[in-house]
Amino acid sequence: MIILGFESSCDETGVALVCTERGLLAHTLHSQVAMHAAYGGVVPELASRDHVRRVVPLTRQVLEQAETTLQEVGAIAYTAGPGLAGALLVGASVAQSLAWSLDLPAIPIHHLEGHLLSPRLATPCPEFPFVALLVSGGHTQLMRVDDVGQYTLLGETLDDAAGEAFDKTAKLLGLGYPGGPALAKLAEQGDATRIVLPRPMLHSHTLDFSFSGLKTAVLTRLKDAERQGQADAQMRADLAAATELAIVEVLVAKAATALEQTGLTRLVVAGGVGANRLLRQSLAKRLGKRKAEVFFPPLDLCTDNGAMIAFAAAQRVQRGLVDLAGQGHGFDVHPRWELAAL
Ligand code: KG4
Ligand code: ZN
C-alpha cells in the first residue's frame with residue numbers, strides 16, 4: 001500500500017510517499033527558517049499561513065518525483081500533534097479532505113512517534129526492542145520501545161528541551177535562528193575546555209534532564225566577560241563549544257545509563273538535535289566501548305519531515321494497528337499529547 005503523509009506541526013511543511021513494501025518513494029520539504037529568522041523564532045500565525053501556501057505544490061511535486069498518481073495512494077497520514085495548533089490544523093484538514101474526496105482512510109500520527117521510528121528508514125534498520133533518545137526543539141525524552149506503538153517513558157526533561165537549550169544559548173550569543181546548527185558551527189572554532197559549564201542532573205540517579213540552568217550559566221559568563229572587556233570572538237566560540245559539550249555529555253551519560261538499566265543494547269537517536277555532529281561522535285564512541293549499537297535517522301530526516309509521518313503510518317498499517325475500514329473524516333489535533341499515552 002502507498003501512503004501519502006503530511007507533516008505541518010511547526011515550521012516545516014513536509015509531504016512524502018511511503019510504500020509498505022518498498023519503503024520511502026519520495027519526499028518534499030519546505031523549511032520556513034528564512035521567514036521566521038527575522039523574528040528570532042517561530043511566529044505561529046505566519047507558520048500556518050505558509051503551510052497553506054506550500055502544501056498543494058509540495059504534494060504535486062512528490063507525486064511527480066515518485067511517478068505516482070493520487071489514484072495509486074491507499075491511505076493518507078498526517079501529524080495530529082503535538083505542535084502548534086494552527087499549523088497542525090492545516091495538515092490535518094488537507095489530509096482529511098483529500099482522504100474524504102478519494103474515499104481513503106486517513107491516519108493521524110503522533111509527531112514524536114514519527115521521529116523515533118525514522119531511524120528504521122536507514123540501513124541497517126534497528127530491530128526492536130531499543131532505547132530511543134528523542135531530542136527535538138520541544139522534547140528531550142528517553143523511551144523504551146518494544147515495538148511499534150509500545151512506548152514506555154524512562155525519563156524526560158523537567159524544563160527546557162536540549163534543542164531549546166541550544167536555541168536559547170545561541171540567542172544569548174547573538175546567533176541566528178535556529179540556534180542549534182549555528183551554535184554547533186561556532187563551537188568548531190572554540191575550545192570547550194577553557195570554560196567549564198555545569199552538567200545539570202548528571203549525577204541525579206534518574207533518567208530525567210534539566211537544561212534551563214545552562215542558559216543562566218552562559219549568561220553569567222558572558223556578562224562577566226563583557227564587564228572585563230574579554231567577550232571577544234574567541235571567548236564566544238569557547239562558550240559555544242563549552243555549551244555544546246555540556247549538553248552532549250549529559251545526553252550521552254543518560255542514554256548510556258538507560259541502556260544499562262533496561263539491559264538493552266540498541267540506542268536510537270531521533271529529532272533535530274540528532275543532527276549534531278559532536279553528539280553523534282560521542283555516542284558512537286561511548287556506546288562502542290560498551291558493545292552497544294547506536295542508530296541515527298538519515299541526516300536529512302533528523303529534523304521535521306513528511307517521510308517520518310508516512311513511514312510511521314506504514315508501520316502501524318503493517319502491524320494491523322490501524323482500522324482502515326473504520327476511519328471517519330472528522331478530526332481534531334492535539335497541541336499537547338503524551339507519546340506514552342498511545
Ligand atoms: O525535531 P526538530 O526539527 O523540531 C521539533 O520537533 O522540535 O528539532 C529542532 C531542534 C531545534 O532546537 C534546533 O536548534 C535543533 O533541533 N538542531 C540542532 C542541530 N540541528 C537542529 N541542535 C544542535 N546541533 C545541530 N546540528
Ligand atoms: Zn520534530
Side-chain angles (χ1 to χ4, degrees), residues 5-14 27 29-33 36-37 40-42 44 47 78-84 87-88 91 109-119 132-141 156-157 160-173 175-188 190 192 209 211-212 214-215 240-241 243-252 268-283 296-309 311-312 334-337 339:
F6 293 97
E7 154 63 30
S8 70
S9 66
C10 190
D11 58 348
E12 261 109 17
T13 322
H27 82 108
L29 188 71
H30 175 76
S31 167
Q32 303 175 354
V33 159
H36 297 294
V42 178
Y78 63 94
T79 306
L84 301 171
L88 287 166
I109 291 294
H110 194 294
H111 180 80
L112 295 181
E113 180 175 50
H115 272 305
L116 78 80
L117 295 177
S118 64
L133 173 65
L134 273 175
V135 273
S136 68
H139 294 84
T140 299
Q141 296 184 332
E156 64 182 334
T157 184
D160 289 354
E164 211 174 344
F166 270 107
D167 293 338
K168 287 180 175 171
T169 319
K171 208 168 195 175
L172 291 176
L173 289 169
L175 302 173
Y177 156 87
L183 189 122
K185 192 154 184 278
L186 180 62
E188 284 171 18
F209 305 84
F211 290 110
S212 68
L214 203 53
K215 62 178 184 293
T243 305
E244 185 183 41
L245 185 64
I247 296 172
V248 165
E249 273 192 16
V250 176
L251 293 175
V252 171
V268 156
V269 184
V273 182
N276 184 272
R277 193 144 30 118
L278 184 67
L279 178 65
R280 288 179 168 239
Q281 288 167 350
S282 309
L283 278 172
F296 298 94
L299 207 52
D300 62 328
L301 300 182
C302 273
T303 46
D304 294 348
N305 61 83
M308 67 184 195
I309 301 306
F311 183 62
H334 315 281
R336 287 177 177 275
W337 190 8
L339 181 57

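Remember, it's 1-based here, ligands and their atoms both numbered in the order they're listed.
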Open item on the list: Please list, in number order, the atoms of ligand 1 under 4.0 Å from a heavy atom of His115.
Closed with: 1 (O), 6 (O)
TODO: Run the numbers for me: atoms of ligand 1, each under 4.0 Å from some heavy atom of Gly163, listed by number.
DONE: 12 (O)
- [ ] Could you tell me which atoms of ligand 1, counted from 1 in the order shown, lie closer than 4.0 angstrom to a heavy atom of Asp167?
- [x] 11 (C), 12 (O), 13 (C), 14 (O)
- [ ] Could you tell me which non-hydrogen atom of Pro119 sits nearest to which non-hydrogen atom of Phe296, and how far apart they are?
- [x] CB-C, 3.9 Å
- [ ] Among all protein heavy atoms, pick the one closest to atom 21 (C) of ligand 1 and tell me residue, atom and distance.
- [x] Gly272 O, 3.3 Å
Task: Nearest-option assignment for atom 25 (C) of ligand 1, heavy atoms, candidates Pro181, Gly271, Ala187 - done: Pro181
Task: Winner among Ala275, Ala162, Gly180, Gly137 once heavy atoms are compared against atom 9 (C) of ligand 1 - done: Gly137
Open item on the list: Is there a side-chain contact between Leu251 and Phe211 in this structure, where contact means two heavy atoms from C-beta onward sitting under 4.5 Å apart?
Closed with: yes
Task: Nearest-0.5 Å distance, CD of residue Gln32 to OG1 of residue Thr13 - done: 5.0 Å
TODO: Ignoring hydrogens and angles, state whether a donor on the side chain of Glu244 or Asn276 is under 3.5 Å from an acceptor on the partner side chain.
DONE: yes
Task: Presence of N, O or S from His115 under 2.8 Å of the Zn ion (ligand 2) - done: yes
Open item on the list: Rounded to the nearest 0.5 Å, what separates atom CD in Glu12 from atom NE2 in His30?
Closed with: 9.0 Å
Task: Under 2.8 Å: N/O/S of His111 next to the Zn ion (ligand 2) - done: yes
Task: Any donor-acceptor pair under 3.5 Å from His115 side chain to Leu134 backbone - done: no
Open item on the list: Please report the interatomic distance CZ(Phe311) to CD(Glu113), rounded to the nearest 0.5 Å.
Closed with: 11.0 Å
Open item on the list: From the N, O or S atoms in Asp304, identify the one nearest to the Zn ion (ligand 2).
Closed with: OD1
Task: Structural part of His139 in contact with ligand 1, heavy atom criterion under 4.0 angstrom - done: neither
TODO: Run the numbers for me: atoms of ligand 1, each under 4.0 Å from some heavy atom of His111, listed by number.
DONE: 6 (O)
Open item on the list: Looking only at distances, can you tell me whether any N or O atom of Pro178, backbone or side chain, sits closer than 3.5 Å to an N or O atom of ligand 1?
Closed with: no
Task: Atom indices of ligand 1 within 4.0 angstrom of Gly138 heavy atoms, with elements - done: 7 (O)
Task: Side-chain (Ser8) to main-chain (Ala87) donor-acceptor, under 3.5 angstrom - done: yes
- [ ] Pick one of side chain, backbone, both or neither for how Glu244 approaches ligand 1, counting any non-hydrogen atom pair under 4.0 Å.
- [x] neither
Task: Min N/O separation Thr303 to ligand 1 under 3.5 Å - done: no
TODO: Please examine the side chains of Asn305 and Asp300, heavy atoms only from C-beta on, and report whether any two atoms are closer than 4.5 Å.
DONE: no
Task: Minimum non-hydrogen distance to atom 3 (O) of ligand 1, winning option of Leu183, Asn305, Asn276, Asp304 - done: Asp304
Open item on the list: Could you walk me through whether Glu188 and Arg277 satisfy the salt bridge (Lys or Arg N to Asp or Glu O under 4.0 Å) test, starting with their C-alpha distance in whole Å, then the side-chain angles of each, then the deciding distance to 0.1 Å, before giving a yes or no?
Closed with: CA-CA 10 Å; Glu188 284 171 18; Arg277 193 144 30 118; 3.1 Å; yes
